[in-house]
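These numbers come from a predicted model, not from an experiment.
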Amino acid sequence: MLVADQAGAVVLVNKAFTDFLGYAPDKVKGRPWPELFEAGDHGRAWAQHRTSLRGASERSPDLVIRTADGGTCRATVRARALSSDGAEGAGGVVVQLSGIGRDEETLRIVTELRLRDADTAMWILDLASGELEEIFGPSPLGRMLVGDARTLEECLARVHRDDIARLRDAMEASYQGRDYEQRFRMFDQVGDERWLYARGSYMGGERPRIVGIVDDMTEHVQLVRRLADRRRIEAAQGRQVNELAAKLVSATTVQEVTGLLSEEFMPIFGGDGARVMLLDEDDLVNHPSGTGDASDRWLEGPDHRDASFPAGAVLQDRQPRFFESRAEVLERFPAVEEALHHTGSHSWAFVPIFGDTKVALGVWAVAWTQPHHATPDERALMLTLAGLAGQALQRVNRQQAELELADALQKRMLPPQPPDFPELDVAVRYLPARAGWRVCGDFYDAIRLPGRRIGLVVGDVQGHGVEAAAAMGQIRMAFRAYVSNQSDPGAVVAETNRLLAETGEIAFATCGYLVLDLDLGQLQAAWAGQPPVVLATESGFEVWAPETGPPLGVDPEAKYPVSSHRLDPESTLLICSDGLVESSGVLMDDGLAAVGRELSAKARDVQGAASSLAELVPAGRGDDIAILIARMR
């Protein structure tokens, strides 16, 4: 140790100083103590002298001091102010020099090198005084976190309020001699939140301490958060892609398919616009129709087969094209230079749409208003979605062809309106279960019989589409053939059943055949598994369930009993297929009650009642529906 005055001149040295450096006391007295060090360390020694005179006590980095024999050694230096016996200001300084052994010096140098560019600080906490100091002097991390603060309480004042209680509990445990380890948040000098990981070991003795390190984990935490956010976004996008792909699989119209590509899929890739161009014979048609202004016409050119334009090139070789800039587009397609000035996009993707036959059906174009790089994953996903869209379009086209065939078939087999009877008002409706289809396996008919009688029939063939429509035509024709020479309703149904059972072309069909005698107001019914008849007046309704036999086509020898019922002249009757009144979620009794109430409310208007029931549909639209309503005039 040595004592120096305010000017830094050495006043006194102790024996340990003489033994350490080899200087006799009279050889150093009067010399400025910072000048005892190597020239390169003079500045740091003088800085520590001035700092100590102001009352601060700070250990400097290790300095190199010269020995009396001309050698050098490294020492840790700490200077503190001396009292001036009541006078204002410090009377001088006392300087403590601690020599560093070679092994210790090597370890210290390695440690400093390891920590130089790391967000780490090494610290000592004096458990008696609560003072904190850094082992190698102020580090960048320490200055950023606490600045000039030196006490534990000053540092704790910057800890996040949600972590302070847990941190204090850990410090209390440290006072009992335990090691310390905590992760916590702390606000730095500029107010930014930092994530820290501090750990230390307890050291006992006359001055119990904790010696440890603190690491700045902020970048690591932020990286983990970004990765977690990215995984959540990717998972959400994956769910969205799966949902939209499922929509493609279930799409039933061209508009649905093109709408998914041009609107719902585009945000997945961050696009700002999209178009779908489909081949229609020799024309390339925008979908939805009317999309695309004049500024976009450069995509396809005057002829869709012209490979000097993007759409033509994609259609020709069925290979996708991705362009990150206008320059890339112009390099490949010079013909679009003039037209390119009229569009605000800067990046594009052109993806072929083709189905199972690998024949190009069209082009899906996605545009970005800012430069965009399509990653390999994005490109693969676009190709996959375009392939699903192509398959969906092929399926829609096949369904459309089947629909047109079935529609023509049903028009021939099912009259759009029943015959006009002077004595009877009749209204009919049929509702296919499948959206977009105009055909179904349910049927109705009204037939003029001899003797002022009218036959009313409603049936429900198993299945949907063309096969059901064809079977429906067979049953209707069979009924018309048998009613011409059979007056017994039960015999008509039995003969029809025998014919269908023998042909074996359908599994089964339910049917209800009702004969109305206009003079007697009498109803006779032969029933084959059809729902009951609903009879309604303005004052209420009743449900009449005729005795029934098995469905048609099941048992060729089945008999069908005939049931009779009186028809009130003010009553309106309803025969319907089960799709109107029964489903997996609606009991038939509940469906019949809902239909009866609606029919009673419109008992005098058969057409209005038919339209109202077609809108009501108490059992939903899960099955084909046929409705026949009749009322005597």
Side-chain angles (χ1 to χ4, degrees), residues 1 14 16 20 48 51-52 55-63 74-81 93-116 118-160 163-186 188 194-217:
M1 298 179 67
N14 65 355
F20 180 38
Q48 189 153 0
T51 299
S52 62
S57 176
E58 184 176 283
R59 185 165 70 178
S60 74
D62 299 338
L63 305 179
R74 186 176 291 271
T76 299
V77 181
R78 170 172 288 176
R80 296 193 181 189
V93 297
V94 58
V95 181
Q96 174 185 320
L97 297 91
S98 302
I100 302 175
R102 183 169 297 275
D103 292 340
E104 184 182 354
E105 181 178 4
T106 300
L107 179 61
R108 186 171 296 229
I109 291 173
V110 170
T111 304
E112 286 183 327
L113 289 173
R114 178 68 180 84
L115 300 179
R116 180 174 296 171
D119 292 328
T120 301
M122 301 186 68
W123 52 273
I124 298 176
L125 170 63
D126 189 323
L127 295 178
S129 64
E131 290 188 356
L132 273 167
E133 64 175 325
E134 294 191 59
I135 295 177
F136 295 118
S139 65
L141 178 61
R143 286 192 294 268
M144 178 179 66
L145 292 175
V146 296
D148 296 329
R150 287 296 176 265
T151 67
L152 177 62
E153 288 301 320
E154 288 176 316
C155 295
L156 291 178
R158 292 188 171 276
V159 174
H160 194 287
D163 298 338
I164 187 64
R166 176 170 50 82
L167 205 58
R168 286 189 179 278
D169 291 342
M171 297 307 304
E172 289 294 332
S174 300
Y175 292 151
Q176 308 302 319
R178 301 179 189 174
D179 288 348
Y180 176 83
E181 181 176 5
Q182 281 294 309
R183 288 179 172 84
F184 58 94
R185 290 163 291 178
M186 188 173 183
D188 60 23
R194 316 295 299 183
W195 283 83
L196 305 176
Y197 174 44
R199 54 199 184 279
S201 293
Y202 176 81
M203 297 180 64
E206 295 182 0
R207 295 179 57 197
R209 295 167 293 167
I210 294 179
V211 179
I213 60 175
V214 60
D215 293 309
D216 186 358
M217 306 293 292

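A heavy-atom distance below 4.5 Å is found between the side chains of Arg168 and Leu156. Inter-residue side-chain proximity for Trp123 and Ile210 is flagged as met; some heavy-atom pair is nearer than 4.5 Å. Looking at heavy atoms from C-beta onward, Leu196 lies in side-chain contact with Asp216 at the 4.5 angstrom threshold. With a 4.5 Å cut-off on side-chain heavy atoms, Arg158 and Met186 count as touching. Within the 4.5 Å cutoff, side-chain heavy atoms of Met171 are placed close to those of Tyr180.
Minimum interatomic distance between Gly200 and Asp179 (heavy atoms only, all atoms of both residues): O-CB, 3.4 Å. Minimum heavy-atom separation, Leu167 to Val159: CD2-CG2, 3.6 Å. Across all non-hydrogen atoms, the minimal contact from Ala121 to Leu141 is N-CD2, 3.9 Å. In plain terms, the two heavy atoms of Gly142 and Glu134 that are nearest each other are CA-OE2, 3.4 Å. Taking every heavy atom of both residues into account, Arg78 and Gln48 meet most closely at CA-NE2, 3.3 Å. Closest non-hydrogen pair, Val93 versus Ser52, comes out as CG1-OG, 3.1 Å.
Taking a 6.0 Å sphere around CZ of Arg178, one finds it holds 12 or fewer heavy atoms contributed by other residues, nucleotides or ligands.
Atoms CD1 and CD, on Ile124 and Glu131 in that order, are 12.0 Å from each other to the nearest 0.5 Å. If you take CZ on Arg74 and OG on Ser98, they are separated by 14.0 Å, rounding to the nearest 0.5 Å. Atom-to-atom distance recorded for Leu132:CG and Leu152:CG is 5.5 Å, nearest 0.5 angstrom. How far CE of Met203 is from CG of Leu127: 11.0 Å, rounded to the nearest 0.5 Å. We find the CG-CD distance between Asp126 and Glu133 to be 8.5 Å, quoted to the nearest 0.5 Å. Remark: Phe20 CZ to Met1 CE distance equals 13.5 Å, nearest 0.5 Å.
A salt bridge links Arg166 to Asp163: at least one charged side-chain nitrogen sits closer than 4.0 Å to a carboxylate oxygen.
Side chain of Arg199 to main chain of Asp215: no donor-acceptor pair is present (N/O by atom type, distance under 3.5 Å, no hydrogens or angles). Formation of a donor-acceptor pair under 3.5 Å by the Asp188 side chain with backbone atoms of Met144 is not found in this model.
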